[in-house]
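The structure appears below as structure tokens.
Positions are given from 1 along the sequence. This structure is a prediction, so every number in the text was calculated from the model and none was measured.
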Amino acid sequence: MPTNRPSLPKTGPAPRDIERIVEVRRAHPRLLLSVKEVSLAIATLDANASHFRGGCPPGELSLVFMTDPILAKVHADFMNDPTTTDVITFEGNPQVGVAGEICVSVDTAAYAKLNKREFAKELMLYIVHGWLHLAGYSDLKPTQKRLMRAAEKRALRLLQQAEAMPAFRLA
């Protein structure tokens, strides 16, 4: 699994004392991505953590890009729900240096084109969503969901302004 320790962006408040390791696993055969770009996006979110309840906890962050069938199996195995979903987030243990793991469905993001949404932006939305879950946001109740959606919009706007949106593509 590729590892990249990015330099933090020039925008936003001072970065945390701990440099984040971002592990990226591509379990989707057609996804093309740059680990450096994905790591820069995470570093940008981390550098602006104060705008998002302090952000994702410190420690290694794992991102796994999956097909719908693989993510549906994870959904079934860990949440007793065999349906497809866009993102599943697993909390880590910062005391041992693990922030968590974000599993995203590349296939579900690809369907975004049917709704006139850009694939790369949709896939980044799923990563942001998982990062926000690790930051303490929830979307189980209507009021929580509104806060999550507002935070997602702020995060995506921040990434676009910082020119830190990864150029995800399908082969």
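By the side-chain hydrogen bond (donor to acceptor under 3.5 Å, both in side chains) test, D77 pairs with K73, sequence neighbours left out. In this structure F168 satisfies the ring pair (Phe, Tyr, Trp, His ring centres under 6.0 Å) test together with F65, sequence neighbours excluded. For T84, there are no side-chain hydrogen bond (donor to acceptor under 3.5 Å, both in side chains) partners, not counting sequence neighbours. Residues passing the salt bridge (charged side-chain N to carboxylate O under 4.0 Å, His left out) test with R146: none are found, sequence neighbours excluded.
Residue pairs meeting the ring-ring contact (aromatic ring centres under 6.0 Å, His included) criterion with at least one member in residues 87-125, sequence neighbours excluded, are F78-F90. Each side chain to side chain donor-acceptor pair (under 3.5 Å) pair with one or both residues in residues 162-171, not counting sequence neighbours, would appear here, but there are none.
The environment of Q160 atom CD is dense: over 12 non-hydrogen atoms of other residues, nucleotides or ligands sit within 6.0 angstrom.
No side-chain heavy atom of V106 sits less than 4.5 Å from a side-chain heavy atom of T67. Taking the side chain as every heavy atom from C-beta outward, D46 and L61 never approach each other to under 4.5 Å. Using a 4.5 Å heavy-atom threshold, the side chains of V87 and T85 count as separate.
Rounding to the nearest 0.5 angstrom, the gap separating the OG atom in S39 from the CD1 atom in I21 is 10.5 Å. The structure places CD1 of I42 at 7.5 Å from SG of C56, a figure rounded to the nearest 0.5 Å.
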